[in-house]
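To keep things clear, I will list the structure first and then write my remarks on it.
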Amino acid sequence: MPRATTDRFSRAHQPSAKKASSNDQGEGSSSAARNPIFNTERFGQHILKNPQVAQTIVDKANLRPTDKVLEVGPGTGNLTVRILEKAKHVTAVEMDPRMAAELTKRVQGKPEQRKLEIMIGDFVKATLPYFDVCISNTPYQISSPLVFRLLSHRPIFRTAILMFQREFALRLVARPGTELWSRLSANVQLYAKVDLVMNVGKNNFRPPPKVESSVIRLVPRDPPPPVEFNEFDGLGRIIFGRRNKTIHANFLAKGVMEMLESNWKTWAAANDVMISDDFDIKAKVEQVLRESGFAEQRAAKMDVDDLLKLLSSFHDVGIHFA
């Protein structure tokens, strides 16, 4: 099952250097805009206050009247109220009970109230309902866990419109041969098509974060590729460790051959394969790299198809990575 594979950009925002002005109330009549008890930074959450940006995000989801929508980190509901206008039902997952209470007040007594369910708790641990579309102004400390939780969700949803810290978003959409192409890029693009929707400046949030944001569209591949994620990720850990080194050089890194030999012996025992006294895992690995033509390639320029071909070549001789 896909899981978070990097925590480099999963930290929460630092509080803004300037406190939000008392008259910076953002959108709507929400008392959360004025209420100092809301410590949104505690959850890495920054409320989207620009109504035009909020509307554009919802429009990009191309919602249908029959859609059930999952919203992660609704805050005070600036996206939620727009989603409710177009969707059949919205399940909003909010970590902060005070934010959830504010959102409840916002729809109380209105027709939209019947279409909204609020789940209070940690999205990463929550039992998710069926949904067609996910929309999220993502609390940035759960960026990577959120992506991989969505990709492992079944049944497969149609699309997700997700806002992230810009550098994280750019890694998700990066292509082979570019500076930001990484193990994260490959792991996500194995399971989904990802593209950049729009950039969002820091001043569109309350309180403003120290970094810029971007919105991406994530469309799961359906059906998903018939490959075990831990195997694909295990290969990625080796070759993206030094992505500009040759694949051969990365396999010579400390501890790699020992790990592969242990995995191979486990596979051999499970498949009744005799292990000869002169077994040499290094020679076997080098043979695979030579015959597959990837020995002198570099991960920085290999696309997902290349990685799958290399993984298949190793599997053909019983070498596994998980």
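The CG atom of L235 sits 10.5 Å away from atom CZ of R183, with the distance rounded to the nearest 0.5 Å. Rounding to the nearest 0.5 angstrom, the gap separating the CD1 atom in I135 from the CG atom in L79 is 7.0 Å. Note that CD1 of I156 and CG of D222 are 4.0 Å apart. Values are rounded to the nearest 0.5 Å. Remark: I216 CD1 to L162 CG distance equals 4.5 Å, nearest 0.5 Å.
No chain of hydrophobic side-chain contacts below 4.5 Å, direct or via other Ile, Leu, Val, Met, Phe, Trp or Tyr residues, connects V219 to V72. By the rule that hydrophobic residues join a cluster once side-chain heavy atoms approach within less than 4.5 Å of another member, I275 and I281 end up as members of one cluster. Cluster membership for Y130 and I83, using ILVMFWY side-chain heavy atoms within less than 4.5 angstrom, is not shared. Both I239 and L252 belong to a common hydrophobic cluster when Ile, Leu, Val, Met, Phe, Trp and Tyr are linked at side-chain heavy-atom distances under 4.5 angstrom.
In this structure, E102 and T104 have side chains that are not in contact, with every pair of non-hydrogen atoms separated by 4.5 Å or more. Between Y191 and S152, every side-chain heavy-atom pair lies at or beyond the 4.5 Å cut-off. Annotation: side chain of F157 is in contact with side chain of L218 (closest heavy-atom distance under 4.5 Å). Using a 4.5 Å heavy-atom threshold, the side chains of L172 and V147 count as touching. For the pair L180 and S185, the minimum side-chain heavy-atom distance is 4.5 Å or more. For the pair L128 and R149, the minimum side-chain heavy-atom distance is below 4.5 Å. With a 4.5 Å cut-off on side-chain heavy atoms, F240 and L184 do not count as touching. Between I238 and F251, some side-chain heavy-atom pair lies under the 4.5 Å cut-off.
Every pair passing salt bridge (charged side-chain N to carboxylate O under 4.0 Å, His left out) that includes a residue from residues 240-262 is listed here, sequence neighbours excluded: E261-K265. Contacts classified as side-chain hydrogen bond (donor to acceptor under 3.5 Å, both in side chains) and involving residues 279-304 (residues at least two apart or in different chains) are given here: H248-E286, Q287-E291. Contacts classified as salt bridge (charged side-chain N to carboxylate O under 4.0 Å, His left out) and involving residues 131-141 (residues at least two apart or in different chains) are not found. Sorted by first then second residue, the ring-ring contact (aromatic ring centres under 6.0 Å, His included) pairs that include residues 52-75, not counting sequence neighbours, number zero. Among pairs with a residue in residues 67-80, those fulfilling salt bridge (charged side-chain N to carboxylate O under 4.0 Å, His left out) read D67-R158, at least two apart in sequence or across chains. Evaluation of the ring-ring contact (aromatic ring centres under 6.0 Å, His included) test over residues 269-291, restricted to residues two or more places apart or in two chains, returns W264-F279. For residues 85-115, the set of pairs meeting the ring-ring contact (aromatic ring centres under 6.0 Å, His included) definition, not counting sequence neighbours, is empty.
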One pair to check against side chain to side chain contact (heavy atoms under 4.5 Å, CB included): F131 and L150. What are the steps and the verdict? CA-CA 11 Å; F131 61 94; L150 290 177; 3.9 Å; yes

M99 and I47: CA distance, side-chain angles, deciding distance, side chain to side chain contact (heavy atoms under 4.5 Å, CB included) verdict: CA-CA 10 Å; M99 289 285 188; I47 306 301; 3.8 Å; yes

Is there a side chain to side chain contact (heavy atoms under 4.5 Å, CB included) between K202 and V211 once you walk through the steps? CA-CA 6 Å; K202 64 184 73 173; V211 297; over 6 Å; no

Kindly determine whether R175 and Q189 satisfy side chain to side chain contact (heavy atoms under 4.5 Å, CB included), including the steps that lead there. CA-CA 9 Å; R175 297 294 181 256; Q189 292 176 35; 3.1 Å; yes

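Heavy atoms only, all atoms of each residue included: N78 and V81 are closest at O-CG2, 3.8 Å. Across all non-hydrogen atoms, the minimal contact from L151 to R154 is O-NH1, 3.0 Å. Shown here for P74 and V93, the closest heavy-atom pair between the two residues is CD-O, 3.2 Å. What you find for P209 and F205 is that their closest heavy atoms are CD-CB, 3.7 Å. The shortest non-hydrogen separation linking A299 to W181 is O-NE1, 3.2 Å. Considering every non-hydrogen atom in both L146 and F164, the closest pair reads CD2-CZ, 4.1 Å.
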Which side-chain N or O atoms in residues 53-63 pair as donor and acceptor under 3.5 Å with protein atoms at least two apart or in another chain?
{"residue": "Q55", "atom": "OE1", "partner": "R82", "partner atom": "NE", "Å": "3.1"}
{"residue": "Q55", "atom": "NE2", "partner": "D59", "partner atom": "OD1", "Å": "3.0"}
{"residue": "T56", "atom": "OG1", "partner": "Q52", "partner atom": "O", "Å": "2.9"}
{"residue": "D59", "atom": "OD1", "partner": "K86", "partner atom": "NZ", "Å": "2.7"}

Listed pairs under 3.5 Å, donor-acceptor, residues 307-322 side chains, sequence neighbours left out:
{"residue": "S313", "atom": "OG", "partner": "K309", "partner atom": "O", "Å": "3.0"}
{"residue": "H315", "atom": "NE2", "partner": "E231", "partner atom": "OE1", "Å": "2.7"}

For residues 108-123, which side-chain donor-acceptor pairs fall under 3.5 Å, sequence neighbours excluded?
{"residue": "K110", "atom": "NZ", "partner": "R106", "partner atom": "O", "Å": "3.2"}
{"residue": "Q113", "atom": "OE1", "partner": "G109", "partner atom": "N", "Å": "2.7"}
{"residue": "K115", "atom": "NZ", "partner": "L84", "partner atom": "O", "Å": "2.5"}
{"residue": "K115", "atom": "NZ", "partner": "A87", "partner atom": "O", "Å": "2.8"}
{"residue": "D122", "atom": "OD1", "partner": "V124", "partner atom": "N", "Å": "3.0"}

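Judged by distance alone, the side chain of N137 and the main-chain N or O of H46 form a donor-acceptor pair under 3.5 Å. Panel note: side chain S214, backbone R166; no donor-acceptor pair is recorded below 3.5 Å. With hydrogens and angles disregarded, no donor-acceptor distance shorter than 3.5 Å links the side chain of N271 to the backbone of V273. In this structure a side-chain-to-backbone donor-acceptor pair under 3.5 Å is present from N204 to G201. Side chain of T266 to backbone of S262: a donor-acceptor contact under 3.5 angstrom is found. For the pair E228 (side chain) and N230 (backbone), a donor-acceptor distance under 3.5 Å is absent. In this structure a side-chain-to-backbone donor-acceptor pair under 3.5 Å is missing from R206 to N203.
A side-chain N or O of S213 and one of Y140 form a donor-acceptor pair less than 3.5 Å apart.
With sequence neighbours left out, the ring-ring contact (aromatic ring centres under 6.0 Å, His included) criterion links F232 to no other residue. With sequence neighbours left out, the side-chain hydrogen bond (donor to acceptor under 3.5 Å, both in side chains) criterion links T66 to no other residue.
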